[in-house]
Amino acid sequence: MRWFEHLAQLTERKQPLVLVTLVAVRGHAPREAGAKMLVTAEEVYGTIGGGNLEATAIGLARQMLAGGTASPQMHTLRLTEQAPAEYGVQCCGGEVSILLERVVPARPTVALFGVGHVGLALAQVLSICPLALWLVDSRAPMLAEARLAPLQHGQAELKAFHAPIPDAVVNDLPSGSHLVVMTHDHAEDLFVLERALRRPDLGYIGLIGSAGKWARFRQRLKAQGFSDQDLRRVTTPIGLPGVKSKAPEAIAIATAAQLLPLLFEEAPPGKPVREEQAG
């Protein structure tokens with residue numbers, strides 16, 4: 001089986017991996033430029049030439065996986081008796097450059113709890129992005145096929161959940177998921193938020209609403225044992241600071257802009273707070 005067939009299988013299984021490419025060869029080397037190898041935490045598929053060269057590349061690739069490094073890395077290795085060789089001497093006499101690229105096949109996941117005016121507008125913006133988009137609502141009409149039809153034209157993988165108890169869906173979210181809480185019912189909002197805060201592996205937790213709403217929620221969540229540190233995980237109101245409009249489209253665009261760095265650039269989530277927001 002060729003490397004790209006293994007890559008297809010691994011991405012289908014959502015297995016994190018590093019693609020190692022022999023990008024340049026000067027002098028003699030075991031493989032020609034363009035040779036590729038896939039490295040997971042436990043397996044190796046393909047070869048770039050064996051020996052110290054390959055073992056070093058595997059070690060570097062697994063360091064990337066363990067450390068969560070996202071940026072590509074370029075390394076130059078000499079294949080001479082004088083070169084450092086932790087895994088045995090290779091004396092072909094050449095020099096090679098290898099490129100390591102981390103592949104994270106799992107799409108980022110965003111869950112919208114509440115698909116009313118703002119929720120649908122946000123779903124429309126996010127649907128053009130390559131992500132998994134979960135739409136959760138206790139009201140079946142909000143998830144009607146005709147209403148969600150415009151979302152089908154983007155890159156997002158859509159999942160709709162008619163959930164009379166929406167907070168139960170929180171338990172099913174993949175690790176690292178981001179969620180935005182904007183249901184029609186403040187009681188539902190609070191239940192979803194409480195369930196989300198009990199999962200330390202989730203990313204962005206956004207809550208639509210005013211400062212007064214958040215003050216009431218803080219009081220109730222503290223009464224349930226949540227600390228100030230726990231509550232700092234919540235971004236409220238949602239959206240980039242400075243956007244004053246309460247129009248659904250404006251809130252949706254501002255919130256999508258806030259989410260994008262977290263989805264595709266691995267930036268740490270910020271906690272902007274604006275003075276007022278309806279909801």
Side-chain angles (χ1 to χ4, degrees), residues 7-17 70 101-163 166-184 188-189 192-193 195-196 199 201-208 235 237-240 243 247-270 279:
L7 179 60
Q9 289 187 352
L10 292 168
T11 53
E12 179 67 23
R13 300 202 304 261
K14 298 185 178 181
Q15 175 70 57
L17 61 96
E101 300 172 279
R102 188 171 181 228
V103 179
V104 183
R107 289 184 170 200
T109 298
V110 179
L112 307 184
F113 286 83
V115 194
H117 298 299
V118 177
L120 184 61
L122 180 55
Q124 289 175 324
V125 177
L126 293 175
S127 68
I128 67 176
C129 300
L131 49 80
L133 185 58
W134 291 31
L135 306 175
V136 187
D137 207 296
S138 60
R139 303 162 295 171
M142 297 296 101
L143 302 172
E145 185 176 347
R147 191 168 186 267
L148 301 185
L151 310 181
Q152 302 290 341
H153 304 297
Q155 298 186 71
E157 175 188 331
L158 301 176
K159 295 185 178 181
F161 298 86
H162 173 220
D167 51 295
V169 179
V170 175
N171 291 341
D172 297 326
L173 286 169
S175 179
S177 296
H178 308 281
L179 67 156
V180 187
V181 184
M182 55 178 100
T183 79
H184 68 295
E188 284 189 6
D189 283 352
V192 172
L193 197 60
R195 191 71 64 96
R199 284 196 56 178
D201 61 330
L202 295 179
Y204 175 99
I205 302 174
L207 172 68
I208 195 170
T235 295
I238 54 175
L240 295 177
V243 179
E249 297 79 7
I251 297 174
I253 292 170
T255 304
Q258 189 176 55
L259 279 166
L260 284 176
L262 312 180
L263 298 173
F264 303 113
E265 299 175 24
E266 299 194 2

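Note that these values count all heavy atoms, side chains included, but never hydrogens, waters or copies made by symmetry.
- Rounded to the nearest 0.5 Å, atoms CD1 (Ile128) and CG (Leu151) are 11.5 Å apart.
- Thr255 places a side-chain heavy atom less than 4.5 Å from the side chain of Tyr204.
- By the side chain to side chain donor-acceptor pair (under 3.5 Å) test, Gln124 pairs with no residue at all, sequence neighbours left out.
- Note: Met182 CE to Asp137 CG = 10.5 Å, rounded to the nearest 0.5 Å.
- In this structure, Ile208 and Val180 have side chains that are not in contact, with every pair of non-hydrogen atoms separated by 4.5 Å or more.
- Interatomic distance, Gln258 CD to Ile253 CD1, rounded to the nearest 0.5 Å: 14.0 Å.
- Counting heavy atoms from C-beta outward, Val170 and Leu202 have side chains that approach closer than 4.5 Å.
- Inter-residue side-chain proximity for Val181 and Leu179 is flagged as met; some heavy-atom pair is nearer than 4.5 Å.
- Between Ile251 and Val243 the shortest side-chain heavy-atom distance does not fall below 4.5 Å.
- Closest heavy-atom contact between Pro248 and Ala121: O-CB, 3.9 Å.
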Checklist line | Step-by-step side-chain contact (heavy atoms from CB on, under 4.5 Å) determination, Leu148 to Leu158 | finding: CA-CA 10 Å; Leu148 301 185; Leu158 301 176; 5.8 Å; no
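- The salt bridge (charged side-chain N to carboxylate O under 4.0 Å, His left out) search around Arg147 returns none, not counting sequence neighbours.
- At a cut-off of 3.5 Å, with distance as the only test, a side-chain donor of Glu188 or Ser138 sits close to an acceptor on the other residue.
- In plain terms, the two heavy atoms of Arg139 and Gly116 that are nearest each other are NH2-N, 3.9 Å.
- Atom NE2 of His184 is surrounded by more than 12 heavy atoms from other residues, nucleotides or ligands within 6.0 Å.
- Of all non-hydrogen atoms in Pro174 and Trp134, the two that sit nearest each other are CD-CZ2, 3.8 Å.
- When all heavy atoms of Ala256 and Leu122 are compared, the pair lying nearest together is N-CD1, 3.9 Å.
- Contact detail for Asn171 and Arg199: the closest heavy-atom pair is O-NH1, 3.4 Å.
- A distance-only check finds no donor-acceptor pair linking the side chain of Gln155 to the backbone of Cys129 [under 3.5 Å].
- Atom OG1 of Thr109 is separated from atom NE2 of His178 by 8.5 Å, given to the nearest 0.5 angstrom.
- When all heavy atoms of Leu173 and Ala111 are compared, the pair lying nearest together is CD2-CB, 3.6 Å.
- Residues Leu193 and Leu207 meet the side-chain proximity criterion, which asks for heavy atoms closer than 4.5 Å.
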